[in-house]
Amino acid sequence: MAELSLAQAELHTGEIPKLRAPRTSQRLRNIELGLLCSAFTLTTLAIMFVQFGVVGRVDIHPLGLWTLVFGLTLVVHVILRMVAPQADPLFIPLAFTLNGLGIAEIYRIDLYAQSLGWDALATKQLAWTALALGCVAAVLLIVRDHRALQRYTYTFGLVAVVLLLLPAVPLIGQEISGARVWIHLGPLSFQPGEIAKIALAVFFAGYLVSHRESLSVVGRKFLGIRMPRGRDLGPIIAVWILSMLVIVIQKDLGTGLLFFGLFLVMLYVATARVSWVVLGVSLILLGGALANQFLGYVHDRFANWYDAFNPAIYNAEGGSYQVVQGIFGLAHGGLLGTGLGRGMPYITPVSQSDYIISSLGEELGLAGIFAILCIYVLFIARGLRIGFSGHDDFGGLLAVGLSFVVALQCFIVIGGITRLLPLTGLTTPFLAAGGSSLVANWIIVALLLRISDANRRGSGRVIAQ
Amino acid sequence: MSELTLLIFKVAFLIALWVFVFFVVAAVRRDLFGERVTKLGTAATKQARDIAAVFVGGSRDSASSPTPQSPAVTAASGPLGRALELVIVSGTRVGDRLALTTEPVSIGRSSDSTVVIRDDFTSSHHARLEYRSGSWVVSDLGSTNGTFLSGKRISAPTVIQLDQPLTIGATTFAIRAV
Amino acid sequence: MNRELKRLSVVIAVMFLALFVVTTYIQVVAVDSLSADGRNTRVLFDSYKTQRGSIRVDGSPVAISLPSGDEYSFQRTYPDPFVYAQTTGFYSLNHGVMGIEGALNSFLSGTDNAQFLDQLNALLTGKPISGATVDLTLSARVQQAAWDALGTFTGAVTVLEVDTGKIVAMASTPSYDPNSLSSHDENSVIQSYERLVADPSNPLTNRVIDGRMNPPGSTFKLVVAAAALESGKYTPESTFPNPSELLLPQTTVLIHNSDGKTCGPGDVVTMRDALRLSCNIPFAELGMELGSKALLTQAEKFGFNTSFTIPMSVEASSFPLVLDTPQTGLASFGQFDVRATPLQIAMLSAAIANGGVLMTPNVVESITSSDLKPISTFTPREFSRPISPSTAATLRDMMIGDVANGAASNAKISGVDVGGKTGTAENGEDQPYSLWFTGFAGNDAHTYAVTVLIEDGGGMGQNGYGNLLAAPIAKKVLEAVLNK
């Protein structure tokens, strides 16, 4: 600081003093590199301890694959140095850590099931991670200025709707465990809803930034709150109907809730009107009541939630067996967990995807779960921070929307597993086995990196007292 | 592999996990706990003088000081017609300038602001200048002490006129044509 | 926008705080109750890793884990399965645990916090931990006698050492083979379990402490007599009108004594004679005079309406909280909605025989860790003082009279003062009776309370009665206790 002041003092004596030019240094990238190396060490340890715990010796093969993925991450890091040097340094190390912990736990259950090669979900997850990192690089190289996305606001809206409706198309759509959220193209299956959430966030941000003034106008008072004008209700009703369609046609409660929650939060942040939140929450309650009444699967979900330990519900087909076993798993872990590879997470159905948090909670204990939650909190806080910096409204709103998607998804999934909420079929960001989710969340990382870089660019002219 | 070894591994991994989390927190601790305010010995007196200067509408650098009540010229013609710059007219760094393009300029204590002001009166994200359809618009970002245009606190985005004093914390800016 | 963002941050913070709280709840606060859930197979699989402790009676195991050589390492075996089945319970792969196996699971499996040093030692030396050994208070000789005496009846026998509360015998018939449930062959376990659950005679139930509870019938007159004496308004010589039938007030219900006649020859009858001859009408009159509140208070002092553990949990015997006068009349001879476990009825005799001090029943003598260090040893604990020593002495005399020359004569043992009270309880029209005997006898060292319950009328429908079927069983068991 002293040196800086000296430099400033010298500048002051110049004829036309200028604010000190922004650092073009790679300080942030150096932080990122350091954290990324620690993250790699940590995740490599995780995979090794899984091997010690399950088979008692080290197998070099999966470690090699993970090192390759680390190499790809370093490539992304180098790209950042070139095209977005001021991007936030936490996103990549945090996402990489979660991704690695997920793979370690997926691999742990593969070892129990003796799945090998392409039958093993861990192998697939590694491949998807590589693909996702490719997507990150592509987004960073193609989208040089996130504000360009605003020009395609309505295109993104259309893309989102098409993606959402794809699984309903007969030939390519596919129903897996009750929910019609998959499309099948040759050997690949994909959940387009995951990508749709990004397109929707872009669409909402673009739309709200240009319509915030009219949406902020309030109309009559109702129940002591000034409600929006009737003619402005169109968008919220449209998004509500879209979410309900997802819930009815695709039988996907979580995605419907996620989309509507995303819209509601972005609407509130853009317009600063609490009345929208009141209205939105009423619509959620209405939708929930209707769904509970008329949709058998929603009704079952609710029953599995509030009366999970009832033997009749526990033993029923599609009953609460899964929820209860997930909770037993967490309880089995206790404070410090059983140790990686030492628990019995495989007893719980879908322990590698929907229940990955329960599996990790069993083997890492409360100490591990808290650390994982902290990593999510840090990730989300860094995303919200972009909104706080107030550099540009579109970018800020988009960053807030994308971070909130991650937050809400964590809350819905982990809340569902711990019986805080009824269980809904969403994936835990970065941790759960599943390619679409992984790719989508890494694209969110790419967008957040891009916006945070734009935010900091030209920043840092210091005036110290 | 003995139970004891596995227990050690288990605890070691949890420690490693938390060490990583603390690494991350340490890396950004400045962002998390706010910028450190550098206080020099004379800071307090200087601030007081600066604030007084703003209220009398003057500045220490009388040669370059604009009169706040002088006939305002709207910065309407945009940066392509006339080059504009943001000048500090009162505060520590009087006379410092920043050329304006169409890029927004954010002002605050946080290091990701375009103009970083480190004093006790500035919020981490304080205000923003934005080029909107021909004019520069200033908006307050929910700061604690407010953003003042010609001595009046603004409550909504407001068009800023050429040479109009814009006060943020202990610093006053103005937009000028080059 | 920043004000809204701050609020949003608070909302997100609350969401994550909720996740922190709920995971803490599951992984720390609720761990014990979740581990105790029989459906938590993780706990079960964990417990197969250690050599489970034995359950012993008089030093020889009635449940023991032996090396099995299969993936579960140990096989739980029950050397004398039928006699001890309801007490030991079973330890199964996929149907949970019951009895002592369930109640003391954490000790038997070595996971209890009291065994922390063992666990640490096992960790450091690499030797697998073994569970603690549980010694029961049962006496093999008395238990066998009780089992033999019950024979083919559906019923239960229990014996308490009155000054300590130790349970000396706890037999329940029909029984089952817990070995059929501890097998590692899942399919055969499932078959056995489903057969046992479907069996209408409920062999899995420990009739001494739970299951279908029976009306206590005339054994409940001990509670009514105790309440009367405690009130200070009555003595054994207090008299009551002696009609051959009594119309309960406000109803059309007529009640009779068991033989349909008056209670002895006179116009009036004393409480002593009414208890000795087990007459219903005088006790209905006495109960209605005392009122339901007094009966409830007395019953609850003896343990009614309370559940406790021995360490298996004992179903609470019930005396209704609110009764009108005619219902009080019926309840006074143990009918209407009064229900009791044999252990509860044994506690009546135990309190009377122990000078009015009721000791808490328990079946565990000691718990010893695998390195022979005691973890817990039996200490007598007082349950309550339901009656004064003088009331206890009076009732004791009356019960001895009941056996010596009254309705419980079949429990007589020559040269021993045996006290007793029979019961023949109705379960509804055309339903077979529940037959009872409760009583006590002692030697120089200890006095023992015994209770016999025979369900389903002992196969005689409505023709059997307590003195005919239950009293002789009590006699055989008491003889075994007193070594006669």
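Because the structure is a prediction, the values reported are computed rather than measured. First the proteins, then the strands, lettered A, B, ... as listed; each starts at 1.
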- Does the distance from a Lys or Arg side-chain N to an Asp or Glu carboxylate O, for Asp393(A) and Arg128(B), drop under 4.0 Å? yes
- With only heavy atoms counted, which part of Phe20(B) is less than 4.5 Å from chain A, the side chain, the backbone, both or neither? side chain
- Item | Atom group of Leu17(B) that falls short of 4.5 Å from chain A, counting heavy atoms | both
Under a 4.5 Å heavy-atom cut-off, does chain B meet the side chain of [X], its backbone, both or neither?
X: Leu42(A); answer: both
X: Thr97(A); answer: side chain
X: Leu364(A); answer: both
X: Leu340(A); answer: side chain
X: Leu336(A); answer: both

- Can you find a side-chain donor-acceptor pair between Ser359(A) and Glu105(A) that sits under 3.5 Å? no
- Message: Side chains of Thr147(B) and Asp140(B): any donor to acceptor distance under 3.5 Å?
- Response: yes
- Message: With a 4.5 Å cut-off on side-chain heavy atoms, are Asp392(A) and His146(A) touching?
- Response: yes
- Query: Can you tell if the side chain of Phe173(B) reaches within under 4.5 Å of the side chain of Pro165(B), non-hydrogen atoms only?
  - Reply: no
- Should the ring pair Trp66(A) and Phe96(A) be called parallel, tilted or perpendicular, given that the plane angle runs from 0 to 90° and is split at 30 and 60? parallel
